[in-house]
Amino acid sequence: MNKQLRKAVIAGNWKMNKTPAETTALINEIKPLVADADCEVIVCVPYIDLAAALEATKGSNIKVGAENCHWAASGAFTGEVSAPMLAACGVEYVITGHSERRTYFGDTDVTVHDRTRAALDNGLKVIVCVGEYLEQREQGVTMEVVRSQTKIALAGVSKEEMINSIIIAYEPVWAIGTGKTATAEQANEVNKAIRELVGELYDAETADKAVVQYGGSMNAANADELLAQPDVDGGLIGGASLKAPDFAAIVKAASK
Ligand code: 13P
């Protein structure tokens with residue numbers, strides 16, 4: 001983290017976990033543990049849990065996000081939820097491009113772009129996920145993959161939107177839910193490359209201000225080392241975000 005230039009952001013991605021009642025209970029447990037955080041704290045929860053999360057976080061420093069949104073405002077898209085619907089509920093953030101959406105639900109670079117655009121157009125802040133598969137890392141094309149995912153997602157995003165409303169999360173797919181964390185150096189190398197790309201697409205000021213998280217088996221034990229890297233501005237946390245003490249420990253590491 002470089003706290004002179006950027007605010008650290010720790011976001012939980014609960015994935016397909018927790019009922020509304022469990023959401024209230026977990027947030028009530030997290031709240032006092034992160035009350036004095038010197039970083040942004042976000043919980044991204046299933047659609048069905050958003051109302052409970054918004055209610056439970058009222059008056060606290062925890063922000064609420066959704067895990068996806070559709071690109072259209074409304075229409076015949078059974079099972080989907082749109083960005084204006086999320087905004088109307090009071091949701092502030094949304095994740096786009098998570099590798100699980102890309103792998104299991106057919107998301108492509110183009111649909112990730114479209115979802116990101118719809119979210120921005122409706123005043124939401126977006127955590128855009130990018131990252132390579134293991135075979136791609138082994139083939140030596142990590143940078144090409146991550147650059148192209150990022151570039152397509154950000155097409156048409158203004159400098160102002162980039163600075164104020166976009167967080168990029170680098171999540172190597174092979175590190176997600178596997179317990180295999182990227183080394184701090186691997187994480188920083190790709191995060192730095194993403195920042196350089198933002199510099200190419202915008203300018204040096206935007207690159208300095210861009211928040212680039214790392215995600216993939218980040219936990220209480222490895223957060224310090226990952227967050228000590230200059231280009232790792234926070235984390236997108238899966239499994240460890242479902243346990244209040246673990247999530248709070250990561251928030252604490254980002255608050256140093
Ligand atoms: P894990 O922290 O469970 O590896 O998940 C990371 C992730 O996918 C966050 O979006």
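Sequence positions, counted from 1, serve as the residue numbers for this chain. Owing to the predicted nature of the structure, the values given are computational and were not obtained by experimental measurement. Remember, it's 1-based here, ligands and their atoms both numbered in the order they're listed.
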Could you tell me whether [X] and [Y] make a salt bridge, using a distance below 4.0 angstrom between a side-chain N and a carboxylate O?
X    : Y    : result
E200 : R147 : yes
R195 : D231 : yes
D36  : K252 : no
E161 : K125 : no
D38  : K7   : no
K15  : E67  : no

Using distance alone, decide if ligand 1 has a nitrogen or oxygen within less than 3.5 Å of any nitrogen or oxygen in G177.
->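 Looking only at distances, the answer is yes, because the N/O contact criterion of under 3.5 Å is met.
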
Report yes if K15 has an N/O atom closer than 3.5 Å to an N/O atom of ligand 1; otherwise report no.
-> yes

Check whether more than 12 heavy atoms from other residues, nucleotides or ligands sit under 6.0 Å from atom NZ of K3, and answer yes or no.
-> yes

Strictly under 4.0 Å, does any heavy atom of A240 approach an atom of ligand 1?
->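 A240 does not count as a contact of ligand 1 under the 4.0 Å cut-off.
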
Measure A175 to ligand 1 on non-hydrogen atoms and call it side chain, backbone, both or neither using the 4.0 Å cut-off.
->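 The backbone, only.
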
Would you mind telling me if ligand 1 is within reach of the side chain of L236, the backbone, both or neither, using heavy atoms under 4.0 Å?
->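 Looking at L236 and ligand 1, atoms from backbone and side chain both fall under 4.0 Å.
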
Numbered atoms and elements of ligand 1 in range of [X], under 4.0 angstrom, heavy atoms:
X    : result
H98  : 7 (C), 8 (O), 9 (C), 10 (O)
G216 : 4 (O), 6 (C)
S217 : 1 (P), 2 (O), 4 (O)

Close side-chain approach of L236 to Y170, heavy-atom, < 4.5 Å |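 They are not in contact (no side-chain heavy atoms under 4.5 Å apart), so the answer is no.
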
Among protein heavy atoms, which lies nearest [atom], and at what distance?
atom                   : value
atom 7 (C) of ligand 1 : E171 OE2, 3.1 Å
atom 2 (O) of ligand 1 : G238 N, 2.9 Å
atom 3 (O) of ligand 1 : G239 N, 2.8 Å

